[in-house]
Amino acid sequence: MENEKKVSVLDLLLRPELPDVRRVLPEKQVEVKRLTELAGEPVVFTLRAMTYNETRQLYDKPREDQALSAVLYGCKDPDFRDKRLLDSEKGIVTPLDAIKARLFAGEIDELHIEIQKLSGYLRRTLAEVKNA
């Protein structure tokens, strides 16, 4: 057992089964209960993790816009950039307006939390190695 060659961390990182997280992002589906009740059928959003660059852009925004922007970046379906969600007569002129017009603040914050978890936040991602 002492003669076993230990694989380097670099070799592990180079394995093809480890995805390029700039391109392959984890996803999750969540149901928005209030909208399901109103629509009479399941309203399921598909969320995805944010890339490193999207996360940096998010934290450059004013704090009050961060949850909204996270939903814009991390909500794959529905795509809040879809022009059909805009209605200038109702004051819905940007994708952020579309989010605020359809979701309550608590729903936006809860979606933001789920997107953060997918992106590696709000959970332990590292473990201490003892006696290494």
Side-chain angles (χ1 to χ4, degrees):
M1 198 160 199
E2 290 179 20
N3 293 336
E4 284 184 32
K5 186 175 179 182
K6 189 172 182 178
V7 179
S8 75
V9 174
L10 180 59
D11 287 335
L12 294 173
L13 290 175
L14 292 171
R15 287 186 175 175
E17 62 267 20
L18 295 181
D20 180 341
V21 297
R22 297 170 302 170
R23 294 176 180 83
V24 180
L25 298 166
E27 293 183 358
K28 177 181 188 175
Q29 291 190 318
V30 297
E31 180 180 2
V32 181
K33 294 178 186 179
R34 179 185 62 85
L35 295 178
T36 291
E37 289 173 13
L38 291 171
E41 56 187 278
V43 176
V44 177
F45 284 22
T46 301
L47 307 178
R48 68 162 180 84
M50 293 187 304
T51 64
Y52 178 84
N53 289 341
E54 288 171 336
T55 303
R56 298 287 60 97
Q57 290 171 6
L58 176 75
Y59 291 119
D60 285 342
K61 296 184 181 300
R63 182 146 170 73
E64 61 272 10
D65 292 339
Q66 289 179 5
L68 275 172
S69 295
V71 172
L72 183 62
Y73 292 143
C75 191
K76 183 176 176 180
D77 184 36
D79 180 356
F80 283 100
R81 292 177 186 89
D82 191 309
K83 302 271 188 246
R84 294 174 292 175
L85 292 170
L86 305 180
D87 185 343
S88 59
E89 291 178 14
K90 293 181 180 178
I92 305 170
V93 294
T94 69
L96 297 180
D97 292 335
I99 294 168
K100 290 187 282 186
R102 287 169 177 82
L103 298 171
F104 285 131
E107 294 165 334
I108 293 167
D109 285 342
E110 195 168 347
L111 289 168
H112 180 206
I113 288 168
E114 292 301 320
I115 292 163
Q116 285 180 307
K117 288 178 183 177
L118 287 169
S119 303
Y121 292 95
L122 304 176
R123 61 187 173 102
R124 298 294 302 172
T125 59
L126 305 175
E128 182 177 344
V129 178
K130 299 188 187 246
N131 300 326

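On a predicted model such as this, the values are computed, not experimentally measured, just so you know.
Contact record, A98 with L86: CB-CD2, 4.5 Å, taken as the closest heavy-atom pair. Minimum heavy-atom separation, A49 to E54: O-OE1, 4.4 Å. Of all the heavy atoms in I115 and A70, the pair that sits closest is CD1-O, 3.4 Å. Shown here for L58 and S69, the closest heavy-atom pair between the two residues is CD1-CB, 3.5 Å. Among all heavy-atom pairs drawn from Q29 and V44, the shortest one is CB-CG1, 3.7 Å. Between T36 and E31, the closest heavy-atom pair is OG1-OE2, 2.8 Å.
Cation-pi geometry between R56 and Y59 is not satisfied (NZ or CZ under 6.0 Å from the ring centre, within 45° of the ring normal). Both the sub-6.0 Å distance and the 45° axial angle are satisfied by R34 relative to the ring of F104.
Note: the hydrophobic cluster containing I113 also contains V30 (ILVMFWY, side chain heavy atoms under 4.5 Å, direct or indirect links). Linking Ile, Leu, Val, Met, Phe, Trp and Tyr residues whenever their side-chain heavy atoms come within less than 4.5 Å leaves V9 and L14 in two separate clusters. Transitive grouping of hydrophobic side chains (ILVMFWY, heavy atoms separated by less than 4.5 Å) keeps L47 and Y52 in distinct clusters. A single hydrophobic cluster is not seen to contain both L25 and F45; linkage of ILVMFWY side chains at heavy-atom distances under 4.5 Å, directly or through other members, places them apart.
One distance of note links CD1 of I108 with NE2 of H112; it measures 11.5 Å at 0.5 Å rounding. Remark: E114 CD to L122 CG distance equals 9.5 Å, nearest 0.5 Å. Note that CD of E107 and CD1 of I99 are 12.0 Å apart. Values are rounded to the nearest 0.5 Å. Rounded to the nearest 0.5 angstrom, L68 CG and L111 CG are separated by 10.5 Å. From K117, atom NZ reaches atom NZ of K28 across 6.0 Å, with rounding to the nearest 0.5 Å. One finds the CG atom of D109 at 9.5 Å from the CD atom of Q116 (value rounded to the nearest 0.5 Å).
No more than 12 heavy atoms of other residues, nucleotides or ligands shown are found within 6.0 angstrom of CD on E89. Heavy atoms of other residues, nucleotides or ligands lying less than 6.0 angstrom from CD of E64 number more than 12. Other residues, nucleotides and ligands contribute only 12 or fewer heavy atoms inside 6.0 Å of the CZ atom of R63.
No side-chain heavy atom of L85 sits under 4.5 Å from any side-chain heavy atom of I92. A heavy-atom distance below 4.5 Å is found between the side chains of Y121 and T55. A heavy-atom distance below 4.5 Å is found between the side chains of F80 and L103. For the pair L72/R81, a side-chain contact is recorded, criterion being any heavy-atom separation below 4.5 Å from C-beta on.
Without hydrogens or angle criteria, D97 side chain to T94 main chain gives a donor-acceptor distance under 3.5 Å. Put simply, the side chain of R48 never gets that close to the backbone of K76: no donor and acceptor are under 3.5 Å apart.
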